[in-house]
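Okay, so here's the structure we're looking at.
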There are 2 protein chains.
Amino acid sequence: MNAPFRRGDGIAAWKRIADGLEGEIAAGRFRRGERLPTEAQLAAQHGVNRHTVRRALSALAERGLVRATQGSGTFVEAPPLRYPIGPRTRFSEIATAAGREAWGRLLSAREITADPALAEALDLPPGSPVLELDTLHEADGVPISTGLTRLPLPRFAGFAERYAETGSITRAYASYGVTDYLRRSTRITARHATPEETEALDLAPGRVVLVLDSVNTDAQGHPIQATHSRFAADRVELSA
Amino acid sequence: MNAPFRRGDGIAAWKRIADGLEGEIAAGRFRRGERLPTEAQLAAQHGVNRHTVRRALSALAERGLVRATQGSGTFVEAPPLRYPIGPRTRFSEIATAAGREAWGRLLSAREITADPALAEALDLPPGSPVLELDTLHEADGVPISTGLTRLPLPRFAGFAERYAETGSITRAYASYGVTDYLRRSTRITARHATPEETEALDLAPGRVVLVLDSVNTDAQGHPIQATHSRFAADRVELSA
DNA sequence: CCGCATTTGTTCGTATGTATT
DNA sequence: TAATACATACGAACAAATGCG
């Protein structure tokens, strides 16, 4: 089928195989969720060793195009490009983006114990109980960001329920008497999306997320939340 | 030195080696730019095959912690450098505060005519002459960002020469009587590096850049520059 | 400038572990 | 339980880039 591999011809065999598979996926030859031929089959087809096929598949897996499942097979992950490139959603305030606005959907909530870094951020003793909320934020039906919001627990017990009721972090805080809050710090980084983030934000494979870590305090300067927000970088534009 | 590897003991050998190396890097056992032991040496140290070491190193390289160069070795990449941004921050001040040597290097300069977007940003009529500077910023010899700085031209004629002389945008502005400037706007996005940026910033292929577009004004509120900065995302951490 | 040793990159072959079907 | 399919690991060989004498 393919020209036999010859060693040292400029382009690595695994790279050619990876490019070929990517092209076939892009061309619709394999659809989302479909199982690729087994490593052994691909190796035979291309006349290479199974290791070479694995190198190619791992390159695709790294970018989120496929996912290998032990014992089962290697499956196409690439979702259709549901969200065409458009104007980016603009956030006028980083603090807004970091979680003090009234938008967002609560995915799950759990009680955890603060690791040293989180404890320091929230001015708590290490090991203190903390409420952790998973949230998803959308604009016009398009996922924009996922948030991990952590609140000191004795103080904000039941926050998840009030958030779910009011649908607003601001109103939920108000029910605890917190009517104003200040940003203590914001750190901004960027990196590739993890598989979980790719899933949650419905991203195309290999995309970039903007990461905001911020700590907000009440008017008295006591930390009331530490948030870890990840934005789909090609859908947003932060304004400082 | 290390406990001998035993197959099938729960955690893959390559993962343990990767975690160990990551810990050593984090602990400062290896410094930025330092060469790691060769693959053969690491294999011998851990009592594993060279492939197993390569698997570990590739996991670290994927995350930008190390970079392998054929024929040369595997080197530790720069740890994140905090880079605060705020209403009045300049590169040299920040880097000085961080205890790092800062300097911008002028790569090239040219005169262009402002497109509508740029003209609006600088409060100029479209088609106005604008001076465009390509700059590279480093800390401790490591490229941190590349900048595209555009200045309104009748006002700042000869800026490139003064910048080259002083090595500082701040001092160059001072020579035009601009001793203070304010940030009018900052937009933050992130994406994959272009080949040009990969080259300029000496990045490994496929890395991410943080993009800052900002407009600065003088004390009277007149725009004095519109900059388009691209930071190596895994070498910086912006603080707002 | 050449040649050589060093070091990483690619590929094959083989064996075995482990999860899924 | 057995067959299938991916995961991990070892060993060998050669290719390609770097750096030094």
Side-chain angles (χ1 to χ4, degrees), chain A residues 2-21 30 33-77 195, chain B residues 2-21 30 33-77 198-199 202-206:
Chain A
N2 292 51
F5 162 69
R6 226 169 306 105
R7 196 171 186 136
D9 58 350
I11 295 186
W14 69 263
K15 177 71 171 143
R16 282 196 319 215
I17 295 170
D19 289 344
L21 285 172
F30 299 109
E34 191 172 344
R35 210 196 72 170
L36 293 179
T38 69
E39 294 173 351
Q41 288 171 338
L42 287 171
Q45 281 175 29
H46 293 86
V48 300
N49 189 274
R50 191 179 142 230
H51 285 311
T52 306
V53 168
R54 281 180 62 74
R55 180 75 178 83
L57 289 174
S58 88
L60 298 182
E62 193 174 311
R63 296 170 40 203
L65 263 66
V66 304
R67 174 173 8 185
T69 304
Q70 186 173 173
S72 180
T74 302
F75 301 86
V76 177
E77 282 284 298
Chain B
N2 291 51
F5 163 69
R6 226 169 308 105
R7 197 172 184 138
D9 58 350
I11 296 186
W14 68 263
K15 177 68 171 148
R16 280 197 319 213
I17 294 169
D19 289 344
L21 285 172
F30 299 109
E34 191 173 342
R35 210 195 72 170
L36 293 178
T38 68
E39 295 173 351
Q41 288 171 337
L42 287 171
Q45 281 175 27
H46 292 87
V48 300
N49 189 273
R50 190 179 144 225
H51 285 311
T52 306
V53 167
R54 282 179 61 75
R55 180 78 177 80
L57 290 174
S58 89
L60 298 183
E62 193 176 312
R63 295 169 39 203
L65 267 66
V66 304
R67 171 155 35 152
T69 305
Q70 186 174 173
S72 182
T74 302
F75 301 86
V76 177
E77 289 281 85
T198 299
E199 164 76 17
D202 191 22
L203 295 175

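In what follows, chains are A, B, ... by sequence order, proteins preceding strands, each numbered from 1.
Distances were taken from every side-chain heavy atom of B/Q70 (C-beta onward) to each of D/dA16, D/dT8, D/dC10; the shortest belongs to D/dA16. For B/R55, counting side-chain heavy atoms from C-beta on, the closest listed nucleotide (C/dC12, D/dT8, C/dT7) is D/dT8. Taking only side-chain atoms of B/A68, from C-beta outward, the nucleotide of D/dA9, C/dT11, C/dG9 with the closest atom is C/dG9. With D/dT8, C/dT8, D/dC10 as the choices, the nucleotide that has an atom nearest any side-chain atom of B/T52 turns out to be D/dC10. Checking D/dC6, D/dT8, C/dT11 against the side-chain heavy atoms of B/W14 singles out D/dT8 as nearest.
For B/H46 and D/dC10, the NE2 to C1' distance is 17 Å, given to the nearest whole Å. For B/R67 and D/dA17, the CZ to P distance is 17 Å, given to the nearest whole Å. Following rounding to the nearest Å, B/R50 (CZ) and D/dA12 (P) show an atom-to-atom distance of 13 Å. When the P atom of C/dG13 is taken as reference, atom CZ of A/R54 falls 16 Å away, rounded to whole Å. Computed from coordinates, the A/L36 CG to D/dT4 C1' distance equals 16 Å when rounded to whole Å. In this structure, the CG atom of B/N49 is 14 Å from the C1' atom of C/dT10, given to the nearest Å.
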Check step by step if side chain to side chain contact (heavy atoms under 4.5 Å, CB included) holds for A/I17 and A/H46. CA-CA 8 Å; A/I17 295 170; A/H46 293 86; 3.7 Å; yes
Using the rule given for side chain to side chain contact (heavy atoms under 4.5 Å, CB included), can you reason through B/R67 versus B/T74, listing the C-alpha separation, both sets of side-chain angles and the distance that settles it, and then say yes or no? CA-CA 5 Å; B/R67 171 155 35 152; B/T74 302; over 6 Å; no
Starting from the C-alpha separation in whole Å, work towards a yes-or-no answer on side chain to side chain contact (heavy atoms under 4.5 Å, CB included) for B/R35 and B/T69. CA-CA 10 Å; B/R35 210 195 72 170; B/T69 305; over 6 Å; no
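A donor-acceptor pair is defined here as one N or O able to donate and one able to accept, closer than 3.5 Å; such a pair exists between the side chain of A/T38 and the backbone of A/Q41.
Not a single donor-acceptor contact under 3.5 angstrom links the side-chain atoms of A/H51 to the base of D/dT8.
The phosphate of C/dT21 has OP1 or OP2 within less than 4.0 Å of a side-chain N or O from A/S72. Distances shown here put a side-chain N or O of B/T74 below 4.0 Å from the OP1 or OP2 atom of C/dT8.
In this structure, A/V66 and A/L57 approach most closely via the heavy-atom pair CG2-O, 3.8 Å.
B/R35 comes within 4.0 angstrom of the backbone, heavy atoms only, and of no base.
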